[in-house]
2 protein chains.
Amino acid sequence: MRWDTLEEEPCSLARTVAVIGDRWSLLILRECFLRVRRFEEFQSKLGITRHLLADRLKKFVRYGVLRRARYQESPARYEYILTQRGLDLYPVVMSIVHWGDMHMVDERGRPLLHEHKNCGKLFDPVMICSECGEPLEAKQVHTHPGPGAPKAGAASA
Amino acid sequence: MRWDTLEEEPCSLARTVAVIGDRWSLLILRECFLRVRRFEEFQSKLGITRHLLADRLKKFVRYGVLRRARYQESPARYEYILTQRGLDLYPVVMSIVHWGDMHMVDERGRPLLHEHKNCGKLFDPVMICSECGEPLEAKQVHTHPGPGAPKAGAASA
DNA sequence: CGTTACAGTTCTAAAAAGGAACTGTCAAGC
DNA sequence: GCTTGACAGTTCCTTTTTAGAACTGTAACG
């Protein structure tokens, strides 16, 4: 498997990994959901090298996760805003945060709490089945090849 | 931010990224959920270099995501099995797959379909609020510093 | 006129990943 | 009893990525 063709793999996980599958991409995404939008702000909060930041932001724009919007003329200045496609990554980010909250906290507790504006309560994200509404567990799921599956027994998910 | 101290960051996302935040780790995890357990099997399905595979498996064992179980004596042979901690990564994997299913499929459709054994139907994963049961959207969530938050305004999630 | 803010780009050194071959234990076949 | 093959790695060397720091260009501020 080569990285430059990862997005063409017959596997939805591999294709998504082509977009968000490195450390900086996920950390940048975290900042996006915390309302960070500008180059200098990403850079100073993350301590990422400017070169990589420019690279990752370009990649996100190319994949339609962020859009580059001019917020000032002369000199032209741009900020990076989550598109709907980017907002749709929220479950990915939240499930990662939740795993960390469950398995990687120290004795002091969680660094961040989440409040659901709809109900006003602090919550955890729960993943359920769209059909029956029951919480999902790995052992209760069976997979089948779909229409986009490869011919032979190659890996996919 | 340095990678060797990533797991000590006051941020549940960063800590989880220290465990699963690279391309191969996520792909290896996918194989685990597809019931792959052995070194040679991971290697041939993924095309990962043996060196990196050995490295990543060790890391997963160290973090308690996989356990290394002897399945044969003389010569001693081991396989890698998801622990409960590893099984708890299922929502992470499923949310990544689902985003790919929504945004990265080609005209042929999804490579893989998921059936929920409880209800017998093909499903999508849906992330809901543990308190009110409504589907979660990024814009409906507000964050507060938790007990493990850093003193000043440093980044965390 | 000098300094600062912002959004990058360029350069070199260090770290990580890729690729291929090698190690060691055992079983099966000739 | 010698060779081949399976399995689970390790070692060595090359190529690619990333880190770290400095530099570029535009324009406002004092």
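We name chains A, B, ... by the order of the sequence lines, and we start the count at 1 in each one.
Using a 4.0 Å heavy-atom criterion, one finds that B/Arg56 contacts the sugar-phosphate atoms exclusively. Across all strands, B/Phe42 comes closer than 4.0 Å to no nucleic acid atom at all (heavy-atom distances). When heavy atoms are screened at a 4.0 angstrom cut-off, A/Arg68 is found touching the sugar-phosphate backbone but no base atom.
Proximity of A/Lys58 to the phosphate of C/dA7: no side-chain N or O atom is located under 4.0 Å from OP1 or OP2. Within the 4.0 Å cut-off from OP1 or OP2 of C/dT25, not a single side-chain nitrogen or oxygen of B/Tyr78 is found. Between A/Trp24 and the phosphate of D/dA19, there is a side-chain N or O to OP1/OP2 separation shorter than 4.0 Å. Not one side-chain nitrogen or oxygen of A/Tyr80 sits closer than 4.0 Å to the OP1 or OP2 atom of C/dC6.
With C/dA5, D/dA8, D/dA27 as the candidates, the nucleotide lying closest to the side chain of A/Ser74 is D/dA27. Picking from D/dA6, C/dA7, C/dG8 the nucleotide with the shortest atom distance to the side chain of A/Glu40 gives C/dA7. Nearest to the side chain of A/Pro75, among D/dT10, C/dT25, D/dT26, sits D/dT26.
Relative to the ring axis of B/Phe42, B/Arg56 does not place its NZ or CZ within 45° and under 6.0 Å from the centre. Both the sub-6.0 Å distance and the 45° axial angle are satisfied by B/Arg38 relative to the ring of B/Tyr71.
One can place CD of B/Gln72 at 15 Å from P of C/dT25, the figure rounded to the nearest angstrom. Rounded to whole Å, the distance from NE2 on A/His51 to C1' on C/dT12 is 12 Å. Rounded to whole angstrom, the span from the CG atom of B/Leu53 across to the P atom of C/dA20 amounts to 17 Å. D/dA27 atom P lies 9 Å from atom CZ of A/Arg77, rounded to whole Å. Taking atom CZ of residue B/Arg50 and atom P of nucleotide C/dA21, one finds them 13 Å apart after rounding to whole Å. With rounding to whole Å, A/Asp55 atom CG is found 13 Å from C/dT10 atom C1'. Taking atom CZ on B/Phe39 and atom C1' on D/dA8, their separation rounds to 6 Å, with Å as the unit. Atom CD in A/Gln43 sits roughly 13 Å away from atom P in D/dA22 (whole-Å rounding).
Remark: of the listed residues B/Arg30, B/Arg110, B/His114, B/His114 is the sole one forming a side chain to side chain contact (heavy atoms under 4.5 Å, CB included) with B/Val97.
Comparing A/Ala76 and A/Thr49 by the nucleotide of DNA chain D that holds the closest heavy atom to each, the one mapping nearer the 5' end is A/Thr49.
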task = Would you sort out whether B/Glu7 and B/Tyr63 count as a side chain to side chain donor-acceptor pair (under 3.5 Å), showing the intermediate values?
result = CA-CA 11 Å; B/Glu7 65 188 287; B/Tyr63 281 114; 2.6 Å; yes
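A/Trp99 contributes no side-chain N or O that, together with a main-chain N or O of B/Leu13, makes up a donor-acceptor pair within less than 3.5 Å.
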